[in-house]
Amino acid sequence: MPSIDLPPNPRRADWRWQLRHALRAQDFGLAENPAWPCRVTPYYASLADLSDPADPIARQFLPDPRELEPDGFGPDPFGEDGPAAVAPGVKQRFPDRVLAQVSLACAANCRHCTRRGLLGRARAARLGDLLGALEARPGVREVLLSGGDPLLLPDEALLRWVEALDALPRLDAIRLCTRTPATLPMRWTRPLVRRLARCRRLWVQTQFNHPRELTPEAVEACARLVERGIPVSNQSVLLRGVNDEPAVMAALCAKLQRARVRPYYVFVCDPVAGIGHFRTAPGAAAALRGYLLSHLGGLACPRVVADVPGAAHKRDV
Ligand code: SF4
C-alpha cells in the first residue's frame, strides 16, 4: 500500500510552493510510468486517504500497473496530432471553435487524461500561430485556452493570451480550461482574478470528479471567479472506482451547485490507451443519467455525453 510523509502544512496557500514541492511516484514508494509520470501537488495528495487502496482521489494521481496493459485503444483517437492540428499546439475539431495548448504542464498529471500519450511530445502553441489560424477561419467564435493547464503559466504570460484574444471583438467566448480549482486552488489569487475579470467574455471550465475535491479552498477559488463575474462550469469524467456510483456523482453535482459552479457535462471516459481500466461497463452512463435526472433539478443536472471520434458533436448518452 502506498504511503508518504507529506511536507509540513501540505495545504499551504502558495501556488509556487505547491508546484516546487510536487510529489512523484517514488515519493509514494511506487514505480514510475515513464510514458506518463506521476506528478501531484501536496495539496491534492493531502485529499487522498492512502490507507485505503480504493481511495477515489488517489486513483486519479497514482500510477496503476493496468495502464501498461494493452487495452485496444490508441493514444490519439480524436486526431489531435493529425487532421485536427492546424498549427503546432493549435487544434480545430469543430467549425466554431479552436483550442490552443498554451502550457504543456499540469498541477497534477491525471491518470485518466485524454492527452496523456500526446503531451510528452507536444509543442506549446504560439500566439502568432493562433492569431493566424483565427484569421484564416472567420467561422470561429470561441477559443479554448487549454494544455496541459494554462494556469501553470505565470500571470503575465497567461494574461498576454487572454488580453490578445479579448482584443478580437469577433470572438464570443474565451474559455480557460483548467483543473486547478481542484488540484491547485491557491493559484486563483485575488490580483490574478481581478485582472482576468477585465475580459468580459471569459469562461472558466474546470474538472471536479469527486465531492471530496470541493474543499473550502476550492470553493473559495470558485467564489472569487463567480463574484468577479467569470462563469465557472464543470466537466467531470465518469471514472470507474472514482465517481461511477450515481449517488457520488449526484453529491458532487449538488456541491458544485452550492459553490455556484454549473455542472455542465459528465463525459464518458475517452477510448484512449492506458486508461481503459477507468472505463465503466456498457449501460453505466445511461443508468447514471437516469439517476441524475430523477434526483437533481435542471440547474444541478449535467448532460451525460460521449466524445465520439469522428463525430460532429458530443453525443448525449
Ligand atoms: S489537468 Fe487536464 S490536461 Fe492536465 S493531466 Fe489532468 S486532464 Fe490532462
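Atoms within a ligand are numbered from 1 in the order they appear, just like the ligands themselves. Small disclaimer: the values here were computed from a predicted structure and weren't measured.
Scanning all protein heavy atoms for the shortest distance to atom 5 (S) of ligand 1 gives Cys110 N, 3.3 Å. Annotation: atom 8 (Fe) of ligand 1 to nearest protein heavy atom, Cys113 SG, 2.3 Å.
Not a single heavy atom of Cys177 sits under 4.0 Å from any atom of ligand 1.
Within 4.0 Å of atom 2 (Fe) of ligand 1, not a single protein heavy atom is present.
Distances below 4.0 Å separate heavy atoms of Arg179 from the following atoms of ligand 1: 1 (S).
For atom 6 (Fe) of ligand 1, the N/O/S atoms of Cys106 include none lying under 2.8 Å.
For Trp36, every heavy-atom contact with ligand 1 shorter than 4.0 Å involves the side chain, none the backbone. Of the heavy atoms in Ala107, none comes closer than 4.0 Å to ligand 1.
More than 12 heavy atoms of other residues, nucleotides or ligands shown are found within 6.0 angstrom of CZ on Arg170. The number of heavy atoms from other shown groups lying within 6.0 Å of CZ (Arg141) is above 12. Counted within 6.0 Å of CZ on Arg126, heavy atoms from surrounding residues, nucleotides or ligands total 12 or fewer; the atom is thus considered open.
No side-chain donor from either of Glu80 and Gln101 sits under 3.5 Å from a side-chain acceptor of the other.
Here CD of Glu67 is found 4.0 Å from CZ of Arg111. Values are rounded to the nearest 0.5 Å.
Under the side chain to side chain contact (heavy atoms under 4.5 Å, CB included) rule, Trp36 has a single partner from Cys113, Pro63, Cys110, which is Cys113.
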